[in-house]
There are 2 protein chains.
Amino acid sequence: MTKATPKPRRSKAEQRAEKQELILNGAELLFAKRGLHGVTLKDVAKEVGVDTALIHYYFADKKALFDQVLERRAPVTSGRRIAAMDAYEASVGGKVTLEGALHAYLDTDLDSYIQGGEAWRNYGQIGALVAHTPEWGSEILSRLMDPVVTRLIELLRKAMPDTPDEDIFWGYQFVSGALMMTLARTGRIDKLSNGLCHSDDFEAVKARMATFMAGGFRAICDQRERERQSG
Amino acid sequence: MTKATPKPRRSKAEQRAEKQELILNGAELLFAKRGLHGVTLKDVAKEVGVDTALIHYYFADKKALFDQVLERRAPVTSGRRIAAMDAYEASVGGKVTLEGALHAYLDTDLDSYIQGGEAWRNYGQIGALVAHTPEWGSEILSRLMDPVVTRLIELLRKAMPDTPDEDIFWGYQFVSGALMMTLARTGRIDKLSNGLCHSDDFEAVKARMATFMAGGFRAICDQRERERQSG
DNA sequence: ATTATCTATAGATCTATAGATAATGC
DNA sequence: ATTATCTATAGATCTATAGATAATGC
């Protein structure tokens, strides 16, 4: 029953950071399911349990909130992936293989979602939506993802020195599409396969994707080789 | 200067159909760029040059308009692709190859966008967005696309009789992701490749995708084979 | 007569902000 | 004193509909 002022649990800076995190988490969840325009600030406020005005206090507007959701995680996974590709290249002393490059690029990203919990997987869903939004998707991706992608392109060139850049870039587009479809987790494969496969099973994807994509690149290379010999 | 009543150019039924087409075209264009929630009926009315009330006269609400945009073309390309796969299987007398099945499935779809003009390519962009929308995307795709997808799965099974269904379904997911990324035409590959490749160049995709994906499936099969021998 | 189209508007949001109040921090 | 949070609300949409008017069809 003492009335001494209790020590404040959190400093203002901490409180500020925590509340922003909470808002970002709620926004991340909702944007993941419905996209930028499918969510209102009221929806976010309700989800988080705060007032709409508080969201405006911390974030300029809805688009700024959306951008910050992406900017919170993009550099994390991007950094991990670049580090993994650097480490891979160093470990093989320049003798880069398709499988090696793709495992570093893809598995490192998938691990973020496998180990990062639901919040990370929500972020991945937003990425998949953004990657398919013609009007402004490509600008955001360029800003956030160009370094990690160009690093992969470098490695792919080293693994396939005789393959024209066009083939490498189109192949990258296929890889990227497959990865985004995985991140979207729409449950479509669950229905198609009658419950045999699950959208959320990123381990199953990790066990197959790099191998599959390496085989794809190799098939393109072989096709070029055959053209060269016969033409 | 004669005042005789001129013959009506279009019957009511024709006028009705034409105006609905115009509205669907405008809606298709806008939904393609911004998605369902990024477009208002006012936007569509302005784009088409009619009053908002007229859109309500022909379509129940925004979602119904969106659905009809998809239902106008989905059965067309779906039918073509199934016919192409049927014809392919008949032509090889059951000796199905990965390349053959994938060419029938992928190239037939790409041809619709190559030959169908901007309207068809807009439809493709919407499909890509829907395919990555967790909340309701998978229901729409199931309803519109299941027959053509299960037909492909059948052919893939015949081409790889020893490969487990899991591998086939995950491989299908990669194929589908790559195709959707192509349909999205965000311009990302243009920037990444410094103008070497163009999002709109579906011929370039057609020249590579079936080969790439067949190589991917083959790599997965080989991996399984090696596991069987060593394990 | 029936159908197509427009005018006008109700009612429901939604974003954003001003200003009040409550909670920390020197 | 400063910062966090809430109350209240302005102003701008947006969807949807009722009802009037114009254009076809028997």
Side-chain angles (χ1 to χ4, degrees), chain A residues 2-69 135-136, chain B residues 2-69 135-136:
Chain A
T2 64
K3 202 70 196 304
T5 315
K7 213 164 201 176
R9 294 271 170 72
R10 305 168 299 177
S11 75
K12 279 208 165 161
E14 283 168 346
Q15 186 179 356
R16 188 181 180 83
E18 276 177 37
K19 194 58 67 132
Q20 280 179 318
E21 287 297 305
L22 281 178
I23 293 170
L24 286 171
N25 288 344
E28 190 171 55
L29 172 70
L30 294 178
F31 286 140
K33 307 311 168 200
R34 296 181 223 153
L36 171 61
H37 298 296
V39 176
T40 68
L41 291 174
K42 214 176 164 187
D43 293 335
V44 177
K46 194 180 170 192
E47 171 71 29
V48 181
V50 300
D51 194 278
T52 311
L54 193 64
I55 299 180
H56 276 105
Y57 177 67
Y58 283 116
F59 303 93
D61 56 21
K62 189 163 80 163
K63 189 68 192 327
L65 176 61
F66 186 81
D67 287 342
Q68 288 211 39
V69 165
E135 211 162 57
W136 39 266
Chain B
T2 63
K3 203 67 199 300
T5 316
K7 208 155 198 183
R9 295 271 170 75
R10 305 168 299 179
S11 75
K12 278 206 165 158
E14 283 169 343
Q15 188 179 355
R16 190 181 178 83
E18 276 176 37
K19 193 58 66 126
Q20 279 178 317
E21 288 296 306
L22 281 177
I23 294 170
L24 287 171
N25 289 344
E28 190 171 54
L29 172 69
L30 294 178
F31 285 141
K33 308 310 169 198
R34 297 181 222 152
L36 171 61
H37 298 297
V39 176
T40 68
L41 290 174
K42 215 175 163 187
D43 293 335
V44 177
K46 194 179 170 192
E47 170 71 28
V48 181
V50 300
D51 195 278
T52 311
L54 192 65
I55 299 179
H56 275 105
Y57 177 66
Y58 283 116
F59 303 92
D61 55 22
K62 187 162 80 164
K63 188 69 190 327
L65 176 60
F66 187 82
D67 287 343
Q68 287 210 40
V69 165
E135 210 162 60
W136 41 266

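Throughout, protein chains are lettered first and strands after them, A, B, ... in sequence-line order, and every chain is numbered starting at 1. Owing to the predicted nature of the structure, the values given are computational and were not obtained by experimental measurement.
Atom CD of E18(B) is separated from atom C1' of dT24(D) by 15 Å (rounded to the nearest Å). As rounded to whole Å, 18 Å separates atom C1' of dT15(C) from atom CZ of F66(A). Nucleotide dT2(D) holds its C1' atom 12 Å from the CZ atom of R16(A), rounded to whole Å. Rounded to whole angstrom, the span from the CD1 atom of I55(B) across to the C1' atom of dC6(C) amounts to 13 Å. Whole-Å rounding puts the Y58(B) OH to dT15(D) C1' distance at 20 Å. Look at NZ on K63(B): it is 13 Å from P on dA16(D), rounded to the nearest Å. With rounding to whole Å, L22(B) atom CG is found 14 Å from dA4(C) atom C1'.
The side chain of H56(A) places no N or O atom within less than 4.0 Å of a non-bridging phosphate oxygen (OP1 or OP2) of dT17(C). Phosphate proximity of dT15(D) to K62(B): present, with a side-chain N or O under 4.0 Å from OP1 or OP2.
Contacts of E135(A) classified as side-chain hydrogen bond (donor to acceptor under 3.5 Å, both in side chains), with partners at least two apart in sequence or in another chain: R34(B).
The K19(B) side chain lies nearest to dT5(C) when the options are dA16(C), dT5(C), dT5(D).
Summarising the geometry, atom CG belonging to L30(B) is positioned 12.0 Å from atom CG belonging to L36(B); distances are rounded to the nearest 0.5 Å. Separation of atoms OH (Y58(A)) and CZ (R16(A)) is listed at 5.5 Å; rounding is to 0.5 Å.
Looking at which nucleotide of DNA chain D each of Y57(A) and D51(A) is closest to, the 5′-most match is held by Y57(A). With the nearest nucleotide of DNA chain C identified for both L54(B) and A60(A), L54(B) has the one nearer the 5' end.
Within the 4.5 Å cutoff, no side-chain heavy atoms of K33(A) are placed close to those of W136(B). For the pair L24(B) and L65(B), the minimum side-chain heavy-atom distance is below 4.5 Å. Taking 4.5 Å as the limit, some side-chain heavy atom of L41(B) sits within range of a side-chain heavy atom of H56(B).
Within a heavy-atom distance below 4.0 Å of DNA chain C, the residues of residues 27-44 of chain A found are T40(A), L41(A), K42(A).
Across all strands shown, dT21(C) forms a Watson-Crick or G-U wobble pair with dA4(D), both key distances being under 3.5 Å. Across all strands shown, dT15(C) forms a Watson-Crick or G-U wobble pair, both distances under 3.5 Å, with dA10(D).
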Self-check item: Working for side chain to side chain contact (heavy atoms under 4.5 Å, CB included), residues K63(B) and D67(B)
Solution: CA-CA 6 Å; K63(B) 188 69 190 327; D67(B) 287 343; 3.8 Å; yes
